[in-house]
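Notes for the one structure printed next.
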Amino acid sequence: MLGKKLSGRSWLMKKTVTNDGHHVELAANIGTPKDLEGVHQNGGEGIGLYRTEFLYMGRNDFPSEEEQFEAYKAVLEGMSGKPVVVRTLDIGGDKELPYLELPKEMNPFLGYRAIRLCLNEQEIFRTQLRALLRASIYGDLKIMFPMIATLAEFREAKAVLAEVRQELLDNGIQVAEKIEVGIMVEIPSTAVMADIFAKEVDFFSIGTNDLIQYTMAADRMNERVSYLYQPYNPAILRLVKMVIDAAHKEGKWAGMCGEMAGDEVAIPILIGLGLDEFSMSATSILKARSLISQLSLEEMKKLSQEVLGLDTNDNVKEAVVNALKK
Ligand code: PEP
Ligand code: MG
């Protein structure tokens with residue numbers, strides 16, 4: 001099956017469709033507006049993850065609301081109405097800011113980071129949300145909160161967003177009428193509770209880099225336990241399935257923006273599980289589009305059913321590789 005690859009460039013302007021007509025969206029992960037060039041050169045159908053923390057890094061002070069507004073506007077305009085999922089600040093863990101003093105932690109990946117920090121240091125959060133909402137009229141903005149572990153966190157983040165929106169409207173500032181609000185699913189508690197979350201979010205994006213580290217209890221920065229980064233482990237696949245099924249049951253969409261979304265062994269399984277959006281580094285998009293065009297949704301559904309019942313990461317990988325050889 002994989003022998004039939006066409007040259008990369010011929011996939012540039014095409015939609016991403018399986019050989020039996022099932023469409024999925026291939027989006028790109030970006031860190032700055034400068035990355036848009038690569039997204040266009042590689043046929044990205046949207047931005048599935050804009051990691052806004054890069055705006056805050058490598059400098060001596062917080063970026064102002066105006067500076068943030070300009071960056072978000074540039075990305076939204078640059079994508080000409082295609083979807084742009086902007087993740088609110090995900091700092092902490094391995095990413096530090098020299099101008100934000102935080103106490104040293106024993107386990108920074110389990111500590112004070114991302115939405116936990118933003119809900120506590122609300123001026124930082126509100127400034128970013130103001131900039132995002134002001135930029136929302138320039139394209140199809142979707143806002144995504146990182147590291148959500150509980151419904152209370154999501155509800156609180158949404159309430160802050162609603163307050164900021166109302167303040168802007170009260171001051172006569174225009175805001176897009178409909179902005180989808182979703183969450184990253186990267187903590188196992190949230191994957192397990194996806195059916196409940198799905199009633200309140202507009203979308204999920206599965207952050208497998210963290211979801212795998214937390215599910216396997218294996219620090220993603222520690223090479224000695226890197227063998228536990230097992231994207232095809234049925235434990236991970238079952239969580240992914242729960243999230244996708246929960247989203248669909250409520251008529252919502254489910255994407256993935258961790259490395260796994262661009263992985264050629266994972267893609268056939270994810271197609272079979274019904275993932276709607278795959279967000280990856282721009283340079284992986286054309287290869288993924290070529291691969292997906294050679295897959296049949298019906299066959300991948302059977303394959304994903306089969307691998308969910310297997311026992312190990314390696315055996316799942318082998319089953320997928322063998323199925324693709326046929
Ligand atoms: C993830 O955790 O999968 C993810 C996409 O976020 P980051 O890699 O930025 O933590
Ligand atoms: Mg993450």
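Atoms within each ligand, like the ligands themselves, are counted from 1 in listed order.
- Residues Arg59 and Asp61 are not paired through a salt bridge, judged by the lack of any N-O separation under 4.0 Å between the basic side chain and the carboxylate.
- Judged purely by atom type and a 3.5 angstrom limit, Tyr50 has no side-chain atom pairing as donor or acceptor with the backbone of Tyr72.
- Below 30°, between 30° and 60°, or above 60°: for Trp253 and Phe203 the angle between ring planes is below 30°, a parallel geometry.
- Here the rule is side-chain contact (heavy atoms from CB on, under 4.5 Å) with Leu133, and of Ile173, Leu169, Ile179 only Ile179 fits it.
- The contact shell of ligand 1, taken as protein residues with any non-hydrogen atom closer than 4.0 angstrom, comprises Leu49, Arg51, Arg87, Lys95, Met184, Glu186, Gly207, Thr208, Asn209, Asp210, Arg220, Cys257, Gly258.
- Note on Arg113 versus Asp210: salt bridge recorded, some NZ/NE/NH1/NH2 to OD/OE distance being below 4.0 Å.
- Around the Mg ion (ligand 2), protein N, O or S atoms at a distance under 2.8 Å total 2; waters are neither shown nor counted.
- Using a 4.0 Å cut-off between a side-chain N of Lys or Arg and a carboxylate O of Asp or Glu, Arg126 and Glu121 do not qualify as a salt bridge.
- Applying the salt bridge (Lys or Arg N to Asp or Glu O under 4.0 Å) test to every pair with at least one member in residues 24-51, sequence neighbours left out, gives these pairs: Glu45-Arg289.
- Residues satisfying the salt bridge (Lys or Arg N to Asp or Glu O under 4.0 Å) test with Glu250, not counting sequence neighbours, are Lys199.
- Judged by the 6.0 Å and 45° rule, Lys317 forms no cation-pi pair with Tyr232.
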